[in-house]
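See below for the structure under consideration.
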Number of protein chains: 2
Amino acid sequence: MAGGTRSPLYLDVAAWLEGEIGRLGPNSLLPTEEQLAERFRVSRITVRGALDLLERGGLVSRLRGRGTTVNPPKITRRFAPLTSFEQDLASQGVAFVTRILSYEPVMPAPTAMRLCLGLPADSQVGCLSLVRLVDGRIVCHDRRYYPAWIAARLDPKRVEHRDASEVIEDLVGSPIVESDWDSEITPAPRDVAAALDVGPRTLVLANTYTWRIAGGTPIEAGTISYRVDRCKFHFAIGFNRRASPLAARPARAKRTRPSALGGAAGK
Amino acid sequence: MAGGTRSPLYLDVAAWLEGEIGRLGPNSLLPTEEQLAERFRVSRITVRGALDLLERGGLVSRLRGRGTTVNPPKITRRFAPLTSFEQDLASQGVAFVTRILSYEPVMPAPTAMRLCLGLPADSQVGCLSLVRLVDGRIVCHDRRYYPAWIAARLDPKRVEHRDASEVIEDLVGSPIVESDWDSEITPAPRDVAAALDVGPRTLVLANTYTWRIAGGTPIEAGTISYRVDRCKFHFAIGFNRRASPLAARPARAKRTRPSALGGAAGK
DNA sequence: TAGTGGTCTAGACCACAAA
DNA sequence: TTGTGGTCTAGACCACTAT
């Protein structure tokens, strides 16, 4: 199955560049496309094929006028056990900045969001748009929608320096107890691409979520789009719901016996 | 930032094609690249830019010699609450086929897998490689590793028609109670690309996982690579699943200090 | 202003699928 | 055999960044 045909040229170039990227550090500048074309005696389009591959994999960034630079390692976003972006990065000791892009306290609800929030037709919602930056680099974009009664009381500025879910919980007076979301890898829509500062061909991980308080009442929905070239993701899920498996698992211990976990998991 | 410059030609072509795709049904054949180039009075490279965008988004498939066809809708893989691929698709009423590609009962453990399984250096493992097909189309590729004592007793044929996790649970005599995994969107390595029948530039969602039984002993690890053009994903996670409304946030890390965000962890 | 990557052209040859 | 998409060439102009 493998190895039959000759490997395309751009893969050779990409392989060489990958080695070069390993030798150079983050933020290093790679040779220009023209220089690479000359060095490998290929056309610029072939070089661009190789760089395109590396860019998709998140190894490099290309910026018109500046050149192609080596990316720092991806950050890790831990989705399970369920934590907010703020809690997650704080617990990893990763500094980040939240930048509010816009807040619209009253607007017609987009149909999809209206359904997530369980609102009747022609409902109004509030919409908060923001981006997160780690080390000065945009990693994700949030578009969050709130029912009118929450939106009216929401001060978007508070979200800039506090956990957004806690701000909402304070407003509502109940903790968020569950979340569900659809996750899809897709080219960024124009507005999201602009917010994330990526080209129209860049793929993002788009999470369309709903948050609920006890009783199942939805209090927030929206879409969070992650730059897949800057983020990877982690999940830890147990069948048994009682104890938190994470607490009992010290990194890569071998044969320790955390007696906490003996519980029956239905099945 | 937005709206300033003229939209590139290939976006216009892509937008038109997107409409056309909506009108045509799944598996329809789109015009050839040359026909599109002629119709829009652009070069073939521009047309390819548009088709490339649609292919990344999973709207079309392109096959040398056949042409460009409209894809059927993506399937949904539900990762949380934790379910196996088999359980998940069965519960959705989606038929699938498992095809064993290879089984190596004894081989040196790759370092990453050895660490996941908590094995000492120079350990041997068994390796099972398979793909899943829905409606005749490959949707994911599994490369599963087992400690030697399990591998020696594993009959790979049984996995073709039964839930793989159940087969292992039967062998081990204990249920799998927890799983964790890293999730990354990245170009498929050569061997995975071959197994998934995609080009070297195609992105996949690569999940590198570990399964554990009670006590925390790992019994299986591996990487499952999903074609992001054919799959989307769903999660439903609760903070507390029982009656008590206030139960507990993540273990004891409840009170995060907002002041921790600004400092620490530079690079 | 100089130099980068983004877009685009008009060709070409090849590997592969289907008739 | 025919026609497709995959790869590749040798140019070109433009938008943007940095100086």
Side-chain angles (χ1 to χ4, degrees), chain A residues 1-15 17 27-56 59-71 187 190 193-194 197-202 229, chain B residues 1-14 17 27-56 59-71 136 187 190 193-194 197-202 229:
Chain A
M1 160 179 321
T5 54
R6 205 183 82 264
S7 164
L9 273 183
Y10 71 82
L11 288 184
D12 298 342
V13 179
L17 282 169
N27 303 316
S28 306
L29 207 56
L30 289 179
T32 70
E33 296 182 348
E34 199 167 356
Q35 288 168 343
L36 290 170
E38 201 172 328
R39 179 175 314 184
F40 290 97
R41 304 193 172 278
V42 297
S43 79
R44 198 182 140 209
I45 281 197
T46 302
V47 170
R48 283 183 60 76
L51 290 173
D52 195 50
L53 185 61
L54 299 177
E55 189 181 35
R56 292 193 204 195
L59 274 66
V60 301
S61 293
R62 304 149 88 186
L63 194 51
R64 196 182 339 202
R66 178 146 50 113
T68 302
T69 52
V70 178
N71 282 344
R190 287 194 64 122
D197 195 26
V198 296
R201 319 168 82 129
T202 305
D229 57 340
Chain B
M1 106 181 26
T5 54
R6 203 183 83 264
S7 166
L9 274 183
Y10 71 82
L11 288 185
D12 298 342
V13 179
L17 282 169
N27 304 315
S28 307
L29 207 56
L30 289 180
T32 71
E33 296 181 349
E34 198 166 358
Q35 288 169 343
L36 290 169
E38 201 173 327
R39 179 177 312 184
F40 290 98
R41 304 194 171 278
V42 297
S43 78
R44 196 180 142 211
I45 282 199
T46 302
V47 169
R48 283 182 60 77
L51 290 173
D52 195 49
L53 184 62
L54 299 177
E55 188 181 35
R56 291 192 205 195
L59 275 67
V60 301
S61 292
R62 304 148 88 186
L63 194 51
R64 197 183 334 203
R66 180 146 51 114
T68 303
T69 53
V70 177
N71 282 343
R190 287 194 63 122
D197 193 26
V198 297
R201 318 168 84 129
T202 306
D229 57 338

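First the proteins, then the strands, lettered A, B, ... as listed; each starts at 1. No hydrogens, no waters, no symmetry mates; every other heavy atom, side chains included, goes into these values.
- Taking atom CG of A:Asp52 as the reference point, atom P of C:dG6 lies 9 Å away to the nearest angstrom.
- To the nearest 0.5 Å, the span separating CG on B:Leu63 from CG on B:Asp197 amounts to 7.5 Å.
- Between the CG atom of A:Leu53 and the P atom of D:dC8 there is a distance of 12 Å, rounded to whole Å.
- Nucleotide D:dT2 holds its P atom 20 Å from the CG atom of B:Leu29, rounded to whole Å.
- Rounded to whole angstrom, the span from the CZ atom of B:Arg64 across to the C1' atom of D:dC8 amounts to 13 Å.
- For the atom pair CG of A:Asp52 and CD1 of A:Ile45, the computed distance is 11.5 Å after rounding to the nearest 0.5 Å.
- Distance CZ (A:Arg62) to C1' (C:dT7): 12 Å, rounded to an integer number of Å.
- Among D:dC8, D:dG5, D:dT17, the nucleotide with an atom closest to any side-chain atom of A:Pro8 is D:dC8.
- Close to C:dG5, at under 4.0 Å from its OP1 or OP2, lies a side-chain N or O of A:Thr68.
- Between A:Val60 and A:Leu51 the shortest heavy-atom distance is CG2-O, 4.2 Å.
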Could I get a table of every N or O pair under 3.5 Å where one atom is in the protein and the other is in nucleotides 9-12 of chain D?
unit_1: D:dT9; atom_1: OP2; unit_2: A:Ser43; atom_2: N; d: 2.5
unit_1: D:dT9; atom_1: OP2; unit_2: A:Ser43; atom_2: OG; d: 2.7
unit_1: D:dT9; atom_1: OP2; unit_2: A:Thr46; atom_2: OG1; d: 2.5
unit_1: D:dA12; atom_1: N6; unit_2: A:Arg44; atom_2: NH1; d: 3.1

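- Put simply, CD on A:Glu33 is 8 Å from C1' on C:dG6, counting in whole angstrom units.
- Within the 4.0 Å cut-off from OP1 or OP2 of D:dG6, at least one side-chain nitrogen or oxygen of B:Arg48 is found.
- B:Arg56 places a side-chain N or O within 3.5 Å of a backbone atom of A:Arg201 that can act as its donor or acceptor partner.
- Contact record, A:Glu55 with A:Asp229: O-CB, 4.2 Å, taken as the closest heavy-atom pair.
- The residue among A:Gly65 and A:Leu11 whose nearest nucleotide of DNA chain D lies closer to the 5′ end is A:Leu11.
- As judged by a 4.0 angstrom heavy-atom cut-off over every strand, B:Leu51 is placed among residues making no nucleic acid contact.
- At a threshold of 4.5 Å between non-hydrogen side-chain atoms, the residues A:Leu53 and A:Leu17 do not count as touching.
- The CD-P distance, from B:Glu34 to D:dG3, rounds to 11 Å in whole Å.
- The side chain of A:Arg66 contributes an N or O atom lying less than 4.0 Å from OP1 or OP2 of D:dA18.
- The shortest heavy-atom contact between B:Pro200 and A:Tyr10 is CG-OH, 3.7 Å.
- Here the C1' atom of nucleotide C:dT4 and the CG atom of A:Leu36 are 13 Å apart, to the nearest Å.
- Side-chain proximity of B:Leu63 to the nucleotides C:dG5, D:dT4, C:dA17 is greatest for C:dA17.
- Closest approach to the B:Tyr10 side chain among D:dG6, C:dC8, D:dT17 is made by C:dC8 (side chain taken as heavy atoms from C-beta onward).
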